[in-house]
There are 2 protein chains.
Amino acid sequence: MGRRQDLIDTALRLFYEHGIHAIGINQVLQESGVAKQTLYNHFESKDSLVEAAVEHRDKLFFQWLESRMNSRPAGREALMEMFDAVHDWFNNRVPTLHRFYGCFFINTCGEYSDPEHPVHKRCAAHKTRVFELLKRHALEICTSETEAEELANALFLLKEGAIVKAHVEGDLDAALKAKAIASRMISPH
Amino acid sequence: MGRRQDLIDTALRLFYEHGIHAIGINQVLQESGVAKQTLYNHFESKDSLVEAAVEHRDKLFFQWLESRMNSRPAGREALMEMFDAVHDWFNNRVPTLHRFYGCFFINTCGEYSDPEHPVHKRCAAHKTRVFELLKRHALEICTSETEAEELANALFLLKEGAIVKAHVEGDLDAALKAKAIASRMISPH
DNA sequence: CCTGAAGTAGACAAGTCGGTCTATTTTTAA
DNA sequence: TTAAAAATAGACCGACTTGTCTACTTCAGG
């Protein structure tokens with residue numbers, strides 16, 4: 001597996017559960033069983049490890065979501081599948097993503113508020129990537145670019161809102177409620 | 001004003017901008033010009049100051065939002081006003097709420113993931129309070145309790161989504177886009 | 001004027017922070 | 001087999017963490 005990846009995995013798990021500033025480098029080392037010097041051979045600072053963890057989470061999450069959506073026909077069905085996917089995530093049925101503690105990127109931006117900070121930028125890039133994924137599927141069922149953009153935006157907001165509601169209020173059905181709203185928006189009766 | 005409130009104001013400002021675990025008690029003391037012993041006369045620990053800060057932000061934010069919505073006729077117009085209000089917030093036109101760094105309660109739950117932690121609970125209570133405010137207005141324009149609940153929920157998700165998009169991606173028009181979607185949902189054409 | 005409460009400055013404690021360094025052992029490849 | 005590379009344990013650094021303690025000052029009310 002490699003020590004570098006051990007460090008990233010452990011750091012991500014701890015950062016995600018407790019927040020980044022609450023976790024010290026020594027705790028990452030202890031729980032990963034890696035020596036301190038080894039960490040500083042692979043990363044030049046804690047911040048650099050943080051960046052790697054965010055990048056890893058981006059890959060992890062995006063690939064999971066994309067493959068879930070690709071398991072259904074492009075367009076409406078794939079977009080609906082997104083809500084089922086995050087519903088599984090909220091209810092801890094996706095081991096790859098660890099236990100659900102809200103969105104790691106939202107949480108991280110709460111600790112790195114400066115939009116010019118590299119960590120914040122990576123979080124923003126992740127969200128933009130997910131948005132583009134939605135838009136790609138929205139284009140399948142919309143008659144214009146702007147209409148697809150608007151639909152993707154609506155679904156995106158519903159999804160982000162559901163993540164927040166699930167985490168802050170502990171509403172484990174938030175994704176299903178969001179799906180019901182989205183469903184009405186896509187196929188107007 | 002009172003030293004206690006000075007401490008809460010300063011702590012809230014710093015916590016909101018940088019996150020709670022990134023701010024030390026000494027920085028709060030220095031920027032508020034209060035002596036350390038005075039802090040520990042009013043609060044038994046940092047955590048207790050954190051709770052007070054969250055509680056203060058709850059009052060500050062809720063009273064502001066409620067008064068903005070009350071400035072318009074109950075029901076549809078008040079609900080639309082909510083989006084204009086948060087739009088002003090995103091664009092730093094509400095000095096009371098400080099510069100916009102996302103939602104303090106969402107950010108704070110990112111640092112206190114345990115739903116049983118008193119700080120997390122207070123954040124959840126805030127969100128629930130806002131939801132009830134929306135529901136009260138939704139009842140004005142809905143024909144049933146469940147319909148109102150669903151409308152309030154949809155508007156709530158859109159609002160939370162907009163907060164996230166505005167903060168993480170720096171989309172300063174997120175509130176207006178959410179409003180447009182909400183508008184279509186309230187008065188179906 | 002005096003007393004008591006409230007606030008101040010700052011030393012101090014015990015521990016943690018990110019990070020460097022050394023010395024040793026393990027692993028890998030030629 | 002041997003030499004280089006990688007990883008190890010752990011001491012060490014200065015700065016910072018929350019929180020306590022002491023001694024001094026400010027201020028308000030009777």
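Convention: sequence-line order gives letters A, B, ...; per-chain numbering from 1.
- The aromatic rings of A/Y16 and A/H98 are tilted relative to each other, their planes meeting at an angle between 30° and 60°.
- Of the listed nucleotides (C/dT8, D/dT8, C/dG18), C/dT8 has the atom at the smallest distance from the side chain of B/A35.
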Given salt bridge (Lys or Arg N to Asp or Glu O under 4.0 Å), test A/R122 with A/D58 step by step and report yes or no. CA-CA 8 Å; A/R122 275 182 190 274; A/D58 176 24; over 6 Å; no
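- Taken residue by residue, residues 7-32 of chain B places no heavy atom nearer than 4.0 Å to DNA chain C.
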B/E116 vs B/K121, salt bridge (Lys or Arg N to Asp or Glu O under 4.0 Å): CA-CA, chis, key distance, verdict: CA-CA 6 Å; B/E116 295 308 311; B/K121 279 184 176 173; 3.6 Å; yes
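- Listed pair B/R4 / C/dA6 fails the phosphate criterion, with no side-chain N or O lying under 4.0 Å from OP1 or OP2.
- At a threshold of 4.0 angstrom between heavy atoms, the contacts of A/G33 are confined to the sugar-phosphate backbone, with no base atom among them.
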Which is it for A/D88 and A/R68 under the salt bridge (Lys or Arg N to Asp or Glu O under 4.0 Å) test, yes or no, and what are the steps along the way? CA-CA 11 Å; A/D88 284 344; A/R68 282 288 300 250; 3.0 Å; yes
Please assess A/E149 against A/K135 for the test salt bridge (Lys or Arg N to Asp or Glu O under 4.0 Å), listing each intermediate value before the final yes or no. CA-CA 6 Å; A/E149 182 109 11; A/K135 190 175 158 191; 2.9 Å; yes
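- Computed from coordinates, the B/L49 CG to D/dT17 P distance equals 14 Å when rounded to whole Å.
- A cation-pi geometry, defined here as NZ or CZ lying under 6.0 Å from the six-membered ring centre and within 45° of its normal, does not hold between A/K46 and A/Y40.
- Near DNA chain D, meaning a heavy atom under 4.0 Å from it, residues 36-43 of chain A has A/Q37, A/T38, A/H42 in order of number.
- Seen from the ring of B/F156, A/K165 counts as a face-on cation partner, given the 6.0 Å and 45° thresholds.
- Remark: of the listed residues B/F62, B/F131, B/F104, B/F61, B/F61 is the sole one forming a ring-ring contact (aromatic ring centres under 6.0 Å, His included) with B/H126.
- Atoms NZ (A/K46) and P (C/dG19) sit 9 Å apart, rounded to a whole Å.
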